[in-house]
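Structure record follows, encoded as structure tokens.
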Amino acid sequence: MIRITDILDRVQAYMTPDEQELIQKAYVFSASVHQGQVRLSGEPYLIHPMEVAGMLTDMRLDCSTVVTGLLHDTVEDTLATPQQIEAAFGKDVAFLVEGLTKISRITFSSREAQQAENFRKMILAMSSDIRILMVRLADRIHNMRTLQYHPPDKQQRIARETLDLYAPLANRLGIYWMKVELEDLAFKYLEHNAYNELNFRVSQKQEKREHYTEEVTRIIREELRKADLVAEVEGRAKHLWSIHKKMQAQHIEFDEVYDLIAFRIILASDTVRECYAALSMIHSLWKPVPGRFKDYIAIPKANNYKSLHTTVIGPYGERMEVQIRTRAMHEWAEEGIAAHWRYKERRSTDGGEDEQIKRLRELLEVQQEVDNPREYMSTLKMALFPDEVYVFTPNGDVRAFPKGATPIDFAYSVHSDVGHTCIGAKVNRNIVPLKYQLQNGDRVEITTQAGHHPSKDWLKYAVTSRARSKIKNWVNTEERNRSIVLGRELLEKEFRKHGLKFSLLGKPETLKKIYEENQVRTQDDLMAAVGYGKLSPKHVVQHFVPEEPKAEEPVPEKAKKKTPEVSTVGISLTGIEDVMVRYAKCCTPIPGDEIVGYISRGRGIVVHTSTCSNTRDMEADRLVDVEWNVKERHTYPVHIRVVCRDRKGVLADVSSAISAHDVNISNAQVDTNNPDMQAVCDFKIDVNDLNELNKVVTSIKKLDCVMSVERLRQL
């Protein structure tokens, strides 16, 4: 357990006595306001802010940041106020603490909405001061280290959020050690069995790997000495999540992962020329693997990472990756903005990290334009997408885009008007379709035409958050205008049907009641809701129809039975009644999945899983919150794919594992035409809910022949 004396010892080397005294004062304040509070582990709550502050001192961050680490939960979880923080520790610390305070006191319609607002606030504050994000990352790391004390469902949710959002944020800041630890900790809780098995397999080979590392390191050092190059050489195994991702992507087993070890040559000189000299020496020692050389010095990554990467056939025919960089490049590669920040004396960001801050600030543009929390989180995840391609403008400038980006993304990166009026593109002087995926080194030119407008189909090809938000805004505006016109026509028709004048709709008292009931603010909103299909014209007009007393007539029993029932099996809809519900065939949702409803034209509400890629391109105004409300047990079809070693009886073994849970197999297909001696088995099974599916998957994974099991959501 870390103590305040440990923190003070660490900061002694780079802080003044006054700053050390302020840290001591923050510790006393935090201890007093958190007194009596305990974590789920049973430990005093004070341990958490102490651990966070300890990580910040390890990164040698400034006094205000370390003080903020000690105080980051005081405003949210204690009776302390922002005014008290400012009076005791100054405006700088108060600003940072306020930026880290979540908005949990506000009531939201869903957990997703609250998560979105938390990230909006964090990114907004981060754009003013990047230290807010560094404290939040340290906070998340310690929470992940102690995640075992939470219930399983919360472990899964927090781990998924960490892998989708916090690890990519650490990557964008270039803080490698944080990215690696967050990914591995999330992996541990998201795929517990796979993590334990991989960890065991890596540990088994540790001794052999250490001998190999020592031998290769000795050879490289000797050759560097001969070439008069002064450098450190180190070798270490790749982290578990990166190994797992490679195994999944290439459908290979652990024994087939050849480049488990990455070697680093860190040159003492800051001369780039020596990096290329060391590369030449490595290639003269061992044969390079074609297509595996990457020059991140000439074209750095989006997070300003610089290094030379090459894969060679090393001793004993083993593939190994070698990274070559200067000491300054290495500091940035490991600690990113944190390495640069510790040399700064003020909160301003006018330094080497300007480009980084600029890239992260682009997320704000998304935040300002996207109202729907589900859409915002989806767009934010895409904005943090780690794999990138680098292309050239006609002037020779380099631009980075997510992998899979198209000329549409390029056009919107130039200007919104260029994107809106884009009619074609040339890549390397050849005309290409707008759905062409950009490749490293492409030279891109955009052709525009005045008066041209975006198409909704562009959303199928656009990848960047900027392009998608601009296209969606255009499409939604046009769709809304059409819906207002349609809604007006439908209402006028319904008013005439009841012999009423349409001008009655302007009746203030009644209109106010309709607005409150249906959560709209203006008459245009009301007509748009009718045009979209969210409200029926009859429902609106009923407010203006005079009530007439009617004699009650007994309804025949037979007539009652003939009344059709609305198909809302297992689904609860908020504020919407009398609609037909269908389950989307593209993602086949089952109870336990997070779901969302889409109001289709004339076909009721279609229920999709929240992660279904098809919902990305749907109009946000047509998406509604739905929940599972299963009162009777039903079975739901699910497709799963099992990849295993091809051997006799493999289908029978997998089928038995499924049947052991009393689960019906409605269809099975096996493909053994695989050069890697693998069998790909596709099953359609009927399960009651997600919990039952997870039990089936766990049983299948226990079979020795099975390499991977995945649920097929898009068919």
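A quick note: this is a predicted structure, and the numbers were derived from the prediction, not measured. Side chains included, hydrogens not; waters and symmetry mates left out as well; all remaining heavy atoms used.
- Side chain of Tyr195 to backbone of Ala186: no donor-acceptor contact under 3.5 angstrom is found.
- Checked by atom type and distance alone, the side chain of Tyr14 pairs as donor or acceptor with a backbone atom of Leu61 at under 3.5 Å.
- By the neighbour-count criterion of 12 heavy atoms within 6.0 Å, atom NZ of Lys435 is sparsely surrounded, having that number or fewer from other residues, nucleotides or ligands.
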>> Run the side chain to side chain contact (heavy atoms under 4.5 Å, CB included) test on Met247 and Leu198 for me, step by step, so that the C-alpha distance in whole Å, both residues' side-chain angles and the decisive distance to 0.1 Å come before the verdict.
In response: CA-CA 10 Å; Met247 289 167 61; Leu198 191 55; 3.9 Å; yes
>> Test side chain to side chain contact (heavy atoms under 4.5 Å, CB included) on Arg140 and Glu161; report intermediate values, then the result.
In response: CA-CA 10 Å; Arg140 177 51 61 112; Glu161 182 184 73; 2.7 Å; yes
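- Under the 4.5 Å side-chain criterion, counting only non-hydrogen atoms from C-beta, Tyr176 is in contact with His239.
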> Hey, mind stepping through Ile313 and Trp286 against side chain to side chain contact (heavy atoms under 4.5 Å, CB included) and telling me if it holds?
Replying inline: CA-CA 6 Å; Ile313 307 297; Trp286 299 295; 5.7 Å; no
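- The environment of Glu197 atom CD is sparse: at most 12 non-hydrogen atoms of other residues, nucleotides or ligands sit within 6.0 angstrom.
- Within a 6.0 Å radius of CD1 in Ile299, more than 12 heavy atoms belonging to other residues, nucleotides or ligands are found.
- Thr271 is linked by a side-chain hydrogen bond (donor to acceptor under 3.5 Å, both in side chains) to Ser269, counting only residues two or more places apart in sequence or in another chain.
- With sequence neighbours excluded, the residues that form a side-chain contact (heavy atoms from CB on, under 4.5 Å) with His283 are Leu279, Pro288, Thr310, Val312.
- The side-chain hydrogen bond (donor to acceptor under 3.5 Å, both in side chains) test applied to Gln669 returns no partner, not counting sequence neighbours.
- The side-chain heavy atoms of Met55 and Trp177, taken from C-beta on, include a pair separated by under 4.5 Å.
- Annotation for Cys587 and Arg711: closest pair O-NH2, 3.9 Å, computed over non-hydrogen atoms.
- Listed by chain and residue number, Glu210 satisfy the side-chain hydrogen bond (donor to acceptor under 3.5 Å, both in side chains) test with Gln206 (two or more places apart in sequence, or in another chain).
- Of the possible donor and acceptor atoms, none in the side chain of Tyr189 sits under 3.5 Å from a partner among the backbone N and O of Arg160.
- In this structure, the side-chain contact (heavy atoms from CB on, under 4.5 Å) partners of Gln156, at least two apart in sequence or on a different chain, are Leu190.
- With a 4.5 Å cut-off on side-chain heavy atoms, Gln155 and Leu147 count as touching.
- Checked by atom type and distance alone, the side chain of Ser307 pairs as donor or acceptor with a backbone atom of Ile324 at under 3.5 Å.
- The number of heavy-atom neighbours closer than 6.0 Å to NZ of Lys238, taken from other residues, nucleotides and ligands shown, is above 12.
- Within a 6.0 Å radius of CZ in Arg319, no more than 12 heavy atoms belonging to other residues, nucleotides or ligands are found.
- Side-chain atoms of Tyr305 and Asn171 form no donor-acceptor pair, as typed in the model, at a separation below 3.5 Å.
- Scanning for side-chain contact (heavy atoms from CB on, under 4.5 Å) contacts around Arg327 gives Glu232, Ile266, Asp270, His330, Glu331, with sequence neighbours left out.
- In this structure, Leu308 and Asp295 have side chains that are in contact, with non-hydrogen atoms separated by less than 4.5 Å.
- Listed by chain and number, the residues in a side-chain hydrogen bond (donor to acceptor under 3.5 Å, both in side chains) with Gln323 are Arg264, Glu321, Arg325 (sequence neighbours excluded).
- Here the CG-CD1 distance, from Leu185 to Ile158, works out to 12.5 Å after rounding to the nearest 0.5 Å.
- Partners of Arg218 according to the salt bridge (Lys or Arg N to Asp or Glu O under 4.0 Å) rule, which considers only residues two or more places apart in sequence or in another chain, do not exist here.
- Under the 3.5 Å distance criterion, the side-chain polar atoms of Arg209 are matched with a main-chain donor or acceptor of Val202.
- For CD of Glu207, the number of neighbouring non-hydrogen atoms (other residues, nucleotides, ligands) closer than 6.0 Å is 12 at most.
- In this structure, Lys246 places its NZ atom where more than 12 heavy-atom neighbours from other residues, nucleotides or ligands lie under 6.0 Å away.
- Taking Ala227 as the reference, Leu229 meet the side-chain contact (heavy atoms from CB on, under 4.5 Å) condition, with sequence neighbours excluded.
- Side chains of Leu137 and Leu182 form a contact here, defined as non-hydrogen atoms less than 4.5 Å apart.
- Minimum interatomic distance between Met178 and Ala138 (heavy atoms only, all atoms of both residues): CE-N, 3.8 Å.
- Counting heavy-atom neighbours within 6.0 Å of His309 NE2, excluding the residue itself, gives a total above 12.
- For the pairing with Glu223, the salt bridge (Lys or Arg N to Asp or Glu O under 4.0 Å) check across Lys226, Arg221, Arg225 returns one residue only, Lys226.
- Annotation: side chain of Val216 is not in contact with side chain of Glu318 (no heavy-atom distance under 4.5 Å).
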Validation: residues 404-413 side-chain donor-acceptor distances under 3.5 Å, sequence neighbours left out:
{"unit_1": "Thr406", "atom_1": "OG1", "unit_2": "Ile408", "atom_2": "N", "d": "3.4"}
{"unit_1": "Thr406", "atom_1": "OG1", "unit_2": "Asp409", "atom_2": "OD2", "d": "3.4"}
{"unit_1": "Thr406", "atom_1": "OG1", "unit_2": "Tyr461", "atom_2": "O", "d": "3.2"}
{"unit_1": "Asp409", "atom_1": "OD1", "unit_2": "Val463", "atom_2": "N", "d": "2.8"}
{"unit_1": "Asp409", "atom_1": "OD1", "unit_2": "Thr464", "atom_2": "N", "d": "2.8"}
{"unit_1": "Asp409", "atom_1": "OD1", "unit_2": "Thr464", "atom_2": "OG1", "d": "2.9"}
{"unit_1": "Asp409", "atom_1": "OD2", "unit_2": "Thr406", "atom_2": "N", "d": "2.9"}
{"unit_1": "Asp409", "atom_1": "OD2", "unit_2": "Val463", "atom_2": "N", "d": "3.1"}
{"unit_1": "Tyr412", "atom_1": "OH", "unit_2": "His420", "atom_2": "ND1", "d": "2.9"}
{"unit_1": "Ser413", "atom_1": "OG", "unit_2": "Arg399", "atom_2": "NH1", "d": "3.1"}
{"unit_1": "Ser413", "atom_1": "OG", "unit_2": "Phe410", "atom_2": "O", "d": "2.6"}

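- The backbone N or O of Glu710 sits nowhere less than 3.5 Å from a side-chain atom of Arg641 that would complete a donor-acceptor pair.
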>> side chain to side chain contact (heavy atoms under 4.5 Å, CB included) for Met134 and Ile175? Distances and angles first, verdict last.
In response: CA-CA 9 Å; Met134 287 192 268; Ile175 310 176; 4.2 Å; yes
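- Looking only at side-chain heavy atoms (C-beta outward), Phe254 and Gln204 stay at 4.5 Å or farther from each other.
- Using a 4.0 Å cut-off between charged nitrogen and carboxylate oxygen, Lys245 and Glu183 do not count as a salt-bridge pair.
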Exercise answer: donor-acceptor pairs, residues 697-706 side-chain atoms, under 3.5 Å, sequence neighbours excluded:
{"unit_1": "Thr698", "atom_1": "OG1", "unit_2": "Asn694", "atom_2": "O", "d": "2.8"}
{"unit_1": "Ser699", "atom_1": "OG", "unit_2": "His661", "atom_2": "NE2", "d": "2.6"}
{"unit_1": "Ser699", "atom_1": "OG", "unit_2": "Lys695", "atom_2": "O", "d": "3.2"}

Donor-acceptor contacts, no H, no angles, side chain residues 436-446, under 3.5 Å, sequence neighbours left out:
{"unit_1": "Tyr436", "atom_1": "OH", "unit_2": "Asp442", "atom_2": "OD2", "d": "2.8"}
{"unit_1": "Gln439", "atom_1": "NE2", "unit_2": "Gln437", "atom_2": "O", "d": "3.0"}
{"unit_1": "Asn440", "atom_1": "OD1", "unit_2": "Tyr390", "atom_2": "N", "d": "2.7"}
{"unit_1": "Asp442", "atom_1": "OD1", "unit_2": "Asn428", "atom_2": "ND2", "d": "3.2"}
{"unit_1": "Asp442", "atom_1": "OD2", "unit_2": "Gln439", "atom_2": "N", "d": "2.8"}
{"unit_1": "Arg443", "atom_1": "NH1", "unit_2": "Glu445", "atom_2": "OE2", "d": "3.1"}
{"unit_1": "Arg443", "atom_1": "NH2", "unit_2": "Pro394", "atom_2": "O", "d": "3.3"}

